[in-house]
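As the structure is a prediction and not an experimental result, all values here were calculated from the model. Protein chains get the first letters and strands the later ones, always in sequence-line order, with residue 1 at the start of each.
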Amino acid sequence: MTKGRVSTERGIADLADEYDVIVVGAGPAGLSAATTLAGTNARTLLVDENRTPGGQIYRAITLAQPVDRQRLGEDYWRGRSIAEDFLRSEAEYAPATTAWSIQPLQGDAGQTIGHEVGLSSNGVARLIQARQVVLATGALERPFPIPGWTLPGVMTAGAAQIALKTSGLVPSGKVVIAGTGPLLYLLAAQLIEAGATVSAVLDTTPRENWLRAFRHARGFLVSPYLAKGLKLLQTVQRRTRVIRWVSALAAEGEGGLKEVVWGAGGREHRMAADLLLLHQGVVPNVNFSNSAGCAHEWDEAQLTFRPQVDEWSASSVAGLALAGDGTGIGGAEAAAIQGRIAGLGCASRLGLVAPAERDRLAVPLRTSLARAMRGRRFLDELYRPAKAFRVPQDPDTIVCRCEEISAGQIRASVSAGAGGPNQMKVFLRCGMGPCQGRLCGLTVTELIADERSKHPSEIGYYRLRFPIKPLRLHELAALPQTETAKVAVLADLADTHHPADLNERKPQ
Amino acid sequence: MFRRLSDRASGEITFTFDGRPITASAGDSVAAALLAAGVRACRTTPVSGAPRGPYCMMGVCFECLVRIDGMDNRQGCLVTVQEGMRVESQRGSRTLTPEPAQ
Amino acid sequence: MTHHQSDQEPDVAIVGGGLMGACVAWGLARQGLRVCVLDEGDVALRASRANFALIWVQGKGIGFPAYAAWTKASAEAWPRLAAELRSETGINVGLDQPGGFTLCLSDRELQANVDMMARLHNQPGTVTYPYEILDHAQTKARMPATGPDVSGSIYCPLDGHVNSLRLFRALHAALKAHSVDYRADHAVTAIEPRAGGFALTGAWGEMRAAKVVLAAGLGNARLAPMVGLEAPMKPSRGQIIVTEKAAPFLRYPVVTVRQTDEGGVMIGDSEEADGSSLRVDHSISSVMADRAIRMFPLLGDLNVVRTWTAFRVMTPDGSPVYEQSETCPGAFVAMAHSGVTLAPQHAFSLADYIATGTIPKEVAVFSTRRFRVPASV
């Protein structure tokens with residue numbers, strides 16, 4: 001095994017059976033955590049779904065050319081040193097590998113002594129043990145349930161950005177970008193810089209957000225966001241049509257997107273489009289932390305559930321730390337710092353760094369983190385998506401894309417007795433498709449809350465199950481099998497000489 | 001709906017989508033290669049048969065499911081396209097072949 | 001949330017809104033009784049949410065012929081239940097009773113099952129029903145996807161399955177149609193006998209009802225002694241694997257593998273004597289996956305989308321318990337791990353007994369008294 005890279009032919013077969021630490025996710029938080037931990041001589045494995053490090057924000061950064069620096073900007077380019085630091089470290093790296101479960105390992109006294117992480121790569125699954133685990137699973141784009149959002153030709157803005165970063169693809173034809181959030185104008189600017197012709201940017205930021213945000217303007221005024229934001233706005237406004245105060249939005253077409261329809265100023269407007277890119281901010285990707293049993297709480301500023309972590313990024317589950325945007329949206333710079341803090345916390349729990357040394361090393365990191373978080377509150381308030389775009393009013397709007405469940409069905413099921421997201425799964429199968437609620441979970445919670453006139457924190461979220469990403473049945477079948485497990489499934493009759501007493505087992 | 005920047009084209013790779021030859025760039029994901037070739041819809045849903053295409057490009061939405069070299073329901077955005085790869089639209093639910101595909 | 005809020009005291013309060021509680025509530029409401037269902041919240045130990053959805057007759061009732069008869073009659077009543085739910089709610093619960101298989105992966109496993117069926121049918125006074133013992137070739141002829149490791153099978157034409165999620169939804173829709181007062185987030189902490197009925201209390205307040213039915217699954221153990229009843233259970237944990245949807249490939253339900261009408265394949269079920277942890281055991285998943293693939297090799301490439309564990313509502317002998325309190329008449333306990341198979345019995349028969357206040361002799365054998373006398377086989 002060479003450091004920083006796993007042989008692609010053997011894949012995860014080459015990995016050791018146990019590590020001091022497994023880090024999941026190779027975005028800024030995961031890379032920084034792994035680099036920090038490797039620097040303390042912790043035997044570290046970084047697992048990531050993509051083929052190259054960087055996560056989504058620094059996607060394909062190690063493949064980027066100087067021309068991409070101009071196109072994608074200095075903030076993107078900054079990821080290069082984070083990725084290079086990691087690749088130079090002693091940490092092992094398993095790219096193109098999915099982590100699909102995590103479960104605590106118990107010592108003799110029932111105490112947690114580590115975790116067993118389920119990995120899958122290239123059709124092979126393994127269970128690998130670690131004394132500490134850091135989940136840095138990042139963020140995903142907030143669901144944007146509008147009429148027609150399932151039509152081919154409607155994508156997320158982040159998707160277009162990934163196509164640009166990984167394959168140099170630029171939208172062509174009639175392109176409309178719609179939504180709100182700091183990344184909306186960044187993406188518009190990047191696409192325009194790359195030569196895309198954007199027909200219009202439909203800004204759904206509600207007018208009243210400016211008033212709410214103004215109360216938090218001080219932090220923003222001294223943050224780097226201000227200068228960056230103004231520059232982006234200028235670029236976009238100069239090169240395309242920006243339509244503000246958009247209060248309704250729909251994609252229309254038969255079999256694919258033909259037109260974008262929006263409401264603004266009390267009137268309906270429409271525009272032909274080949275591609276509609278949607279974005280209304282990002283939210284923590286909680287599927288892993290949720291299924292691991294970590295405690296979560298509702299974040300009213302960011303309108304999402306997020307896992308609770310302490311000052312060292314440790315979750316409520318012993319031996320399991322969470323870092324980066326997966327714990328609440330702070331952006332790439334903050335995520336990298338959080339990753340380092342989480343790494344120090346883990347190293348200290350492993351006994352590799354003395355508490356006093358850990359605290360000393362963390363002082364400058366905490367200062368940087370506070371600086372990186374400046375202005376966040378302003379952004380949260382300004383780009384808080386309008387309720388109309390989070391809680392669909394049109395009953396026909398699809399909420400669960402996998403099972404094709406509409407807002408109207410969900411509202412009707414609330415009055416039929418499904419008072420929470422888990423009962424809703426039973427009633428409608430929503431959230432039970434392959435995306436496992438990633439694209440409907442928040443919408444379902446907020447819809448139920450709306451229907452019951454309750455707060456989302458009282459409604460809760462889906463209880464998610466392993467595997468958090470699908471794996472093939474034969475991969476599961478090839479995992480180690482204990483004798484106890486065989487007895488539990490009556491396989492002892494087929495596979496051993498032990499004459500089990502079938503009569504004591506009543507079939508279901 | 002997408003075009004490739006001239007400075008980003010690398011070694012050419014040819015694969016087929018529903019039998020049609022498509023030229024991609026080395027390192028493309030299957031989903032990116034399809035978008036570059038103007039393919040918007042790559043599957044129909046198991047529930048209503050509605051057409052769908054790539055949505056998130058980061059492995060979370062499961063909209064870009066395609067059949068790759070005979071294996072159904074693969075996430076096109078997480079598979080790197082290979083020379084000669086046979087990619088097909090995923091029509092509804094996956095089908096199980098009578099013999100194991102090993 | 002609430003179907004029908006009423007300040008009026010209900011005739012019957014049912015503790016538990018799972019399949020048992022919903023079936024009994026529906027049955028009582030159809031007779032014109034005012035029924036209130038007190039249920040827990042969104043996150044609760046819900047065996048009804050985790051079941052395997054079989055309507056299963058074969059193999060049940062060893063040492064307890066009455067259970068075999070009760071089960072067989074229930075399977076026979078299922079078409080009526082499905083039809084009535086459909087006419088009341090428009091929901092098709094996907095009832096399918098083509099017969100079911102027990103597949104065996106060794107001659108010894110097959111022989112053990114053959115012996116068990118023989119013992120079951122040789123019990124004095126038991127109901128009998130048709131079943132067939134099939135070898136590999138005969139099994140494969142009926143289920144072409146059968147793999148070479150299958151030694152043989154037992155086929156019983158009475159067996160079947162249903163879409164249990166739609167069953168659950170249909171029952172709730174039917175409750176609503178009958179103005180049953182369904183209250184979620186109403187966990188019951190105490191029940192007290194009062195003059196002319198019972199007082200039920202929880203964090204939500206207090207409610208009085210003339211009768212009370214304990215259909216709270218595992219929660220019955222805590223509640224039953226409050227009204228002079230018992231709810232003996234043994235720990236039983238089961239695990240299930242669910243795959244992505246696939247085009248139909250399996251005509252029949254197998255006791256451990258079934259394809260739902262929506263296309264997903266469910267693989268189960270394990271049984272462990274563990275009532276403490278709901279953690280999924282990957283080792284058990286592995287054995288279950290391995291066996292499923294040996295039964296049907298084409299399953300190997302299917303994507304697994306979920307695994308879960310749940311506690312069964314398992315009495316010491318695995319048969320249901322139905323009983324009215326002797327010291328507090330009007331209080332009933334009802335529990336069974338076969339909530340799907342027995343749904344018609346619970347909706348039609350048990351609800352009648354509760355309404356009239358009398359459990360007939362042939363059903364009174366399901367009382368907990370059987371655990372206090374030496375079993376006669």
Side-chain angles (χ1 to χ4, degrees), chain A residues 49-52 55-56 59-60 63 65 67-68 71 96 98 138 140-141 149-156 158-164 166-175 194-196 255-257 274-275 278 285 287 398 401-405 429 433-436 438-439 469-470 474, chain B residues 1-10 24-65 71-75 77-81 89-90 93-94 96 100-102:
Chain A
E49 201 164 45
N50 289 321
R51 286 175 186 274
T52 59
Q56 305 308 335
R59 189 79 186 260
L63 307 174
Q65 304 298 315
V67 60
D68 295 308
R71 200 178 280 147
T98 299
L140 43 80
E141 286 173 280
W149 71 311
T150 54
L151 287 172
V154 181
M155 299 175 73
T156 70
Q161 200 184 36
I162 289 166
L164 175 62
T166 58
S167 291
L169 298 186
V170 178
S172 61
K174 298 183 281 289
V175 181
L257 174 70
D274 302 311
L275 181 64
L278 296 174
N285 182 355
N287 276 46
I398 285 181
R401 298 171 61 108
C402 295
E403 296 287 342
E404 299 180 54
I405 304 299
R429 298 188 60 81
C435 98
Q436 300 177 348
R438 287 173 176 87
L439 277 85
K469 284 281 179 88
H474 68 68
Chain B
M1 69 198 277
F2 283 89
R3 66 180 173 81
R4 196 183 303 273
L5 295 167
S6 56
D7 56 65
R8 283 297 297 264
S10 49
S25 190
D28 276 354
S29 69
V30 168
L34 291 176
L35 290 176
V39 175
R40 287 210 299 190
C42 63
R43 72 173 186 118
T44 57
T45 63
V47 177
S48 73
R52 295 279 174 91
Y55 181 73
C56 80
M57 296 296 278
M58 57 178 275
V60 297
C61 76
F62 293 78
E63 294 289 13
C64 63
L65 297 176
M71 178 83 83
D72 281 13
N73 275 356
R74 300 208 58 194
Q75 288 181 270
C77 72
L78 293 181
V79 177
T80 305
V81 73
S89 298
Q90 177 70 44
S93 295
R94 66 179 301 146
L96 296 171
Q102 296 291 349

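When all heavy atoms of A:Pro152 and B:Ala41 are compared, the pair lying nearest together is CG-CB, 3.7 Å.
Neither the backbone nor the side chain of A:Gln436 has a heavy atom closer than 4.5 Å to any heavy atom of chain B. Only the side chain of A:Val67 comes within contact range of chain B, with at least one heavy atom under 4.5 Å from a heavy atom of that chain. Interface residue B:Asp7: only side-chain heavy atoms are found under 4.5 Å from chain A. When heavy atoms are compared at a cutoff of 4.5 Å, A:Glu141 does not approach chain B at all. Contacts of A:Leu439 with chain B are made by side-chain atoms alone, with heavy-atom separations under 4.5 Å and no backbone atom involved. With a 4.5 Å cut-off on non-hydrogen atoms, A:Ala96 does not touch chain B at all. In this structure, the portion of A:Leu278 lying under 4.5 Å from any heavy atom of chain B is its side chain and not its backbone. Residue contact with chain B, scored on non-hydrogen atoms closer than 4.5 Å, involves the side chain of A:Ile162 exclusively. For B:Ser48, the parts lying near chain A are the backbone and the side chain together; criterion is any non-hydrogen pair under 4.5 Å. In this structure, the portion of A:Lys469 lying under 4.5 Å from any heavy atom of chain B is its side chain and not its backbone.
With chain A as the partner, the residue from B:Met1, B:Met57, B:Arg40 showing the most heavy-atom pairs under 4.5 Å is B:Arg40. Per-residue heavy-atom pair counts under 4.5 Å with chain B were compared for A:Cys402, A:Ala163, A:Gly153, and the maximum is reached by A:Gly153. Residue with the most contacts toward chain B among A:Pro434, A:Ala160, A:Gly173: A:Pro434 (heavy-atom pairs, distance under 4.5 Å). Contact tally against chain B (heavy-atom pairs below 4.5 Å) for A:Gly255, A:Ser167, A:Pro470: the top residue is A:Ser167. Contact tally against chain B (heavy-atom pairs below 4.5 Å) for A:Asn285, A:Thr98, A:Asn287, A:Asp68: the top residue is A:Asp68. Counting heavy-atom pairs closer than 4.5 Å to chain B, the top-ranked of the candidates A:Glu404, A:Lys174, A:Gln65 is A:Glu404.
Rounded to the nearest 0.5 Å, atoms CE (B:Met58) and CZ (A:Arg438) are 9.0 Å apart. Taking CD from A:Glu49 and SG from B:Cys77, the interatomic distance works out to 7.5 Å, rounded to the nearest 0.5 Å. Between atom OG1 of residue A:Thr150 and atom CD of residue B:Glu63 there is a gap of 7.5 Å, rounded to the nearest 0.5 Å. Between the CG atom of A:Asp274 and the CZ atom of B:Phe2 there is a distance of 11.0 Å, given to the nearest 0.5 Å. Atom SG of residue B:Cys56 and atom CD of residue A:Gln56 lie 8.0 Å apart, to the nearest 0.5 angstrom.
Counting heavy atoms from C-beta outward, A:Arg71 and B:Leu5 have side chains that approach closer than 4.5 Å.
Of the possible donor and acceptor atoms, one in the side chain of B:Arg52 sits under 3.5 Å from a partner among the backbone N and O of A:Arg401. Not a single donor-acceptor pair under 3.5 Å links the side chain of A:Arg51 to the backbone N or O of B:Gly27.
Considering only residues two or more places apart in sequence or on other chains, B:Pro46 meets the side-chain contact (heavy atoms from CB on, under 4.5 Å) condition with B:Arg43, B:Ser93, C:Lys245.
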